[in-house]
Trainee: 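What follows is a single structure, and I will ask about it in a moment.
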Amino acid sequence: MPGNGLVSSIRRLINSEARLRTAGPFEHLRQKMDDVLADGGIMKEVVQPGDGPPVPQNASVLIHYSGFLEYSDRPFETTTHLRYPRMLKLGREVTLAGLDLCLLTMKKGEFSRFLLEPQYAYGDLGCPPLIPAAAVVLYEIQIIDYLDSGQVDDFIALSPEEQNSVPLQRLVEVVNTVRSFGNRCFNQSQYEKAKDRYKQAVMLLGNRETQSDADKDRIRAALLPLYLNLSLTELRLDSPHKALKYGNKALEIDSANTKALFRCGQAYLELHEYKSAHGCLLTAQAKKPFDSDINNLLRKVAICYKDSLDNQKDMYSKMFRDLRSK
């Protein structure tokens, strides 16, 4: 009878509300989450949406995350105290299979919560003493950034002949990703690692066999920021000779590049070659007369050059005094 169906629906609603009244916080949270895999094993709530495409397979992700047990207001693990969280490779450095699956649903800038059933978290045994057996866990995750390192891995796995046959656009994308890795290391003051990434990108471009002028110009354009980054990195590593080498390589590509002129000026200053430093910086200043970095370095060079001349003058005066006294 129609009335019986209505009564059944009302009873189910009442029973559901009764369960919620006696349920724990995870059950309440589950009611407003989406089922990621359609099996109830991973539930998701987007707190702050992200932008762009989802994280690709085998990407490297920079994330902040915290893991919670039910009825606990303190995480059993968290990265929120870290200024520079480590970039993690999906499928390799993300230890929970469920977390891998969570991250693949996210976009850059997104902040979401996930409930993971034991089969997607720590299993029936848990992870004593922190994680009890068959525990459901809550993860709060924010995607700070990600890099498509899977594309880089696939490219590097190719033979030299295969690498040379792929479209140039793909090579440029791979190089840009490798450079982004270098930039990430540089920003965290990991200068040796940054240098290795930049040099890897230079090598990939240098291995490319190309005939057309348009392709050669595109490769040179991709090399320019790498040489500039290498020059600055060598300055951070107190290697002004190498910094000057890469600065000059950048000037070979673009003789009017103010960043390259500035890097060479910095390197010459470190090498105490003040006239050369002054020349590079004057050329840069002519193109950017109101650039405070260029103008400040020019003043520093002038002061150092004057101090050097004064020291030489004092040294020669002392030498002549010594000679006259003999």
Side-chain angles (χ1 to χ4, degrees), residues 16 19-50 53-150 152-153 181 184-185 187-188 190 193:
S16 175
R19 283 196 302 272
L20 281 176
R21 283 196 295 271
T22 59
F26 278 8
E27 186 59 37
H28 284 278
L29 187 59
R30 182 184 295 274
Q31 301 306 310
K32 57 181 180 179
M33 301 178 106
D34 297 320
D35 192 340
V36 172
L37 301 176
D39 65 356
I42 300 178
M43 306 296 291
K44 176 180 181 179
E45 177 194 13
V46 178
V47 180
Q48 175 182 306
V55 174
Q57 291 278 352
N58 302 317
S60 293
V61 294
L62 191 68
I63 61 174
H64 272 308
Y65 67 90
S66 298
F68 297 87
L69 296 172
E70 195 166 20
Y71 301 105
S72 174
D73 57 355
R74 291 189 177 184
F76 58 82
E77 66 171 339
T78 184
T79 64
T80 56
H81 63 287
L82 299 176
R83 183 181 178 187
Y84 299 121
R86 190 164 64 93
M87 186 163 269
L88 302 172
K89 174 82 170 173
L90 294 184
R92 186 184 304 169
E93 296 173 316
V94 178
T95 54
L96 293 184
L99 276 185
D100 251 21
L101 295 171
C102 293
L103 292 166
L104 289 172
T105 72
M106 300 184 71
K107 300 177 180 180
K108 188 180 296 186
E110 179 180 329
F111 176 77
S112 290
R113 295 190 182 100
F114 297 88
L115 274 179
L116 275 63
E117 292 294 316
Q119 67 269 29
Y120 293 104
Y122 295 92
D124 292 335
L125 298 179
C127 186
L130 290 177
I131 313 297
V136 178
V137 295
L138 169 70
Y139 272 96
E140 295 183 339
I141 305 173
Q142 180 185 14
I143 296 275
I144 301 170
D145 197 3
Y146 69 79
L147 297 173
D148 192 357
S149 54
V152 176
D153 296 339
F181 271 111
R184 183 70 59 186
C185 294
N187 291 335
Q188 297 178 7
Q190 299 177 16
K193 289 183 179 180

Trainee: Residues in side chain to side chain donor-acceptor pair (under 3.5 Å) with Thr80, at least two apart?
Mentor: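 Scan of Thr80 (side chain to side chain donor-acceptor pair (under 3.5 Å), adjacent residues dropped) gives Thr78.
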Trainee: For Lys107, give me all partners under salt bridge (charged side-chain N to carboxylate O under 4.0 Å, His left out), at least two apart in sequence or on another chain.
Mentor: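 For Lys107 there are no salt bridge (charged side-chain N to carboxylate O under 4.0 Å, His left out) partners, ignoring immediate neighbours.
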Trainee: Quick one: do His64 and Phe111 satisfy side-chain contact (heavy atoms from CB on, under 4.5 Å)? Show the steps, please.
Mentor: CA-CA 9 Å; His64 272 308; Phe111 176 77; over 6 Å; no
Trainee: Suppose we screen for side chain to side chain contact (heavy atoms under 4.5 Å, CB included). Which residues come up paired with Pro49, at least two apart in sequence or across chains?
Mentor: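 Partners of Pro49 by the side chain to side chain contact (heavy atoms under 4.5 Å, CB included) criterion, ordered by chain and then number, come out as Val46.
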Trainee: Tell me, please, which residues at least two apart from Arg113 pass side chain to side chain donor-acceptor pair (under 3.5 Å).
Mentor: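 With neighbours one apart ignored, the set is Glu45, Glu140.
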Trainee: Run the side-chain hydrogen bond (donor to acceptor under 3.5 Å, both in side chains) check on Tyr120 and Asp100 step by step: do they pass?
Mentor: CA-CA 10 Å; Tyr120 293 104; Asp100 251 21; over 6 Å; no
Trainee: Would Cys102 and Leu116 count as a side-chain contact (heavy atoms from CB on, under 4.5 Å) here? Give the steps.
Mentor: CA-CA 9 Å; Cys102 293; Leu116 275 63; 3.8 Å; yes
Trainee: Would you indicate whether the side-chain heavy atoms of Ile42 and Glu117 approach each other to under 4.5 Å?
Mentor: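 No, side chains not in contact.
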Trainee: What residue pairs, at least two apart or across chains, pass salt bridge (Lys or Arg N to Asp or Glu O under 4.0 Å) with a residue in residues 73-93?
Mentor: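 Sorted result for residues 73-93: Arg86-Glu93, Lys89-Asp153.
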Trainee: According to the salt bridge (Lys or Arg N to Asp or Glu O under 4.0 Å) rule, which pairs have a member within residues 53-63, sequence neighbours left out?
Mentor: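 Sorted result for residues 53-63: empty, none.
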Trainee: Report, as yes or no, whether the 6.0 Å neighbourhood of atom CG on Leu125 holds more than 12 heavy atoms from other residues, nucleotides or ligands.
Mentor: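 Not buried by this count: 12 neighbours or fewer within 6.0 Å.
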Trainee: Please give me the minimum heavy-atom distance between Leu88 and Val94, naming the atom from each residue.
Mentor: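 Looks like CB-CG2, 4.0 Å.
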Trainee: Would you say the side chain of Cys185 lies within less than 4.5 Å of the side chain of Tyr84, judging by non-hydrogen atoms?
Mentor: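 Not in contact.
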Trainee: What are the two closest non-hydrogen atoms of Lys108 and Ile144, and how far apart are they?
Mentor: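 Distance-wise, the nearest heavy atoms are CG-O, 3.8 Å.
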Trainee: Would you indicate whether the side-chain heavy atoms of Phe76 and Val137 approach each other to under 4.5 Å?
Mentor: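 Yes, their side chains come closer than 4.5 Å.
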Trainee: For Thr105, check side chain to side chain donor-acceptor pair (under 3.5 Å) against everything at least two apart and list the hits.
Mentor: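 Listed in chain order: Lys44.
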Trainee: Side-chain contact test, heavy atoms from C-beta onward, threshold under 4.5 Å: evaluate it for Leu90 versus Val61 and give yes or no.
Mentor: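 Of all side-chain heavy-atom pairs linking Val61 with Leu90, at least one is under 4.5 Å.
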Trainee: At their closest point, which heavy atom of Gly24 faces which heavy atom of Tyr71, and how far apart are they?
Mentor: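 So the two residues come closest at CA-OH, 3.3 Å.
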Trainee: Compare all side-chain heavy atoms of Tyr122 with those of Pro132 and state whether any distance is below 4.5 angstrom.
Mentor: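 Not touching, per the 4.5 Å side-chain cut-off.
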Trainee: Is the shortest side-chain heavy-atom distance between Pro54 and Met106 below 4.5 Å?
Mentor: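 Heavy-atom side-chain distance check fails, nothing below 4.5 Å.
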Trainee: Can you name the nearest heavy-atom pair linking Ser112 to Phe114, along with the distance?
Mentor: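 Looking at all heavy atoms of both residues, the shortest contact is CB-CE1, 3.7 Å.
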Trainee: Taking all atoms of both residues into account, what is the closest heavy-atom pair of Ala121 and Leu96, and its distance?
Mentor: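 Smallest heavy-atom distance, with atoms named: O-CD2, 3.3 Å.
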Trainee: For Gly109, does its backbone N or O pair with a side-chain atom of Gln48 as donor and acceptor, under 3.5 Å?
Mentor: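 Yes, the answer is positive, given that a donor and an acceptor are paired below the 3.5 Å cut-off.
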Trainee: Are side-chain heavy atoms of Asn58 and Ser149 found at a separation under 4.5 Å?
Mentor: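 Of all side-chain heavy-atom pairs linking Ser149 with Asn58, none is under 4.5 Å.
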Trainee: Using the test salt bridge (charged side-chain N to carboxylate O under 4.0 Å, His left out), find all partners of Lys193 that sit at least two apart in sequence or belong to another chain.
Mentor: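 By the salt bridge (charged side-chain N to carboxylate O under 4.0 Å, His left out) rule, Lys193 matches no residue at all.
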Trainee: Determine whether Phe181 and Ser60 satisfy the following criterion, side-chain contact (heavy atoms from CB on, under 4.5 Å), listing intermediate values before the conclusion.
Mentor: CA-CA 10 Å; Phe181 271 111; Ser60 293; 3.6 Å; yes
Trainee: Could you walk me through whether Ile141 and Leu99 satisfy the side-chain contact (heavy atoms from CB on, under 4.5 Å) test, starting with their C-alpha distance in whole Å, then the side-chain angles of each, then the deciding distance to 0.1 Å, before giving a yes or no?
Mentor: CA-CA 9 Å; Ile141 305 173; Leu99 276 185; 3.7 Å; yes
Trainee: List for me each residue that meets salt bridge (charged side-chain N to carboxylate O under 4.0 Å, His left out) alongside Asp34, sequence neighbours excluded, and say none if there are none.
Mentor: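 Residues passing salt bridge (charged side-chain N to carboxylate O under 4.0 Å, His left out) with Asp34: none at all.
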Trainee: Check for a donor-acceptor pair, side chain of Thr79 on one end and backbone N or O of Tyr65 on the other, with a separation under 3.5 Å.
Mentor: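 Indeed, once roles are kept as given, a pair shorter than 3.5 Å links the two residues.
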Trainee: For a quick test of reading the model, state the closest non-hydrogen atom pair linking Pro56 to Tyr146 and the distance between them.
Mentor: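 Reported closest heavy-atom pair: CD-CE1, 3.3 Å.
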Trainee: Who are the side chain to side chain donor-acceptor pair (under 3.5 Å) partners of Gln190, not counting sequence neighbours?
Mentor: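 With neighbours one apart ignored, the set is Gln188.
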Trainee: Write out all pairs satisfying salt bridge (Lys or Arg N to Asp or Glu O under 4.0 Å) with one or both partners inside residues 122-136, taking only residues at least two apart or from two chains.
Mentor: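 Of all non-adjacent pairs touching residues 122-136, none passes salt bridge (Lys or Arg N to Asp or Glu O under 4.0 Å).
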Trainee: What pairs with Glu70 under salt bridge (charged side-chain N to carboxylate O under 4.0 Å, His left out), at least two apart in sequence or on another chain?
Mentor: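 So Glu70 forms no salt bridge (charged side-chain N to carboxylate O under 4.0 Å, His left out) with any residue.
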Trainee: In the structure I gave you, are the side-chain heavy atoms of Pro85 and Leu62 within less than 4.5 Å of one another anywhere?
Mentor: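 Yes, side chains in contact.
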Trainee: Would you find a donor on one side and an acceptor on the other, under 3.5 Å apart, between the side chain of Asp35 and the backbone of Met43?
Mentor: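 No: the side chain of Asp35 does not pair with the backbone of Met43.
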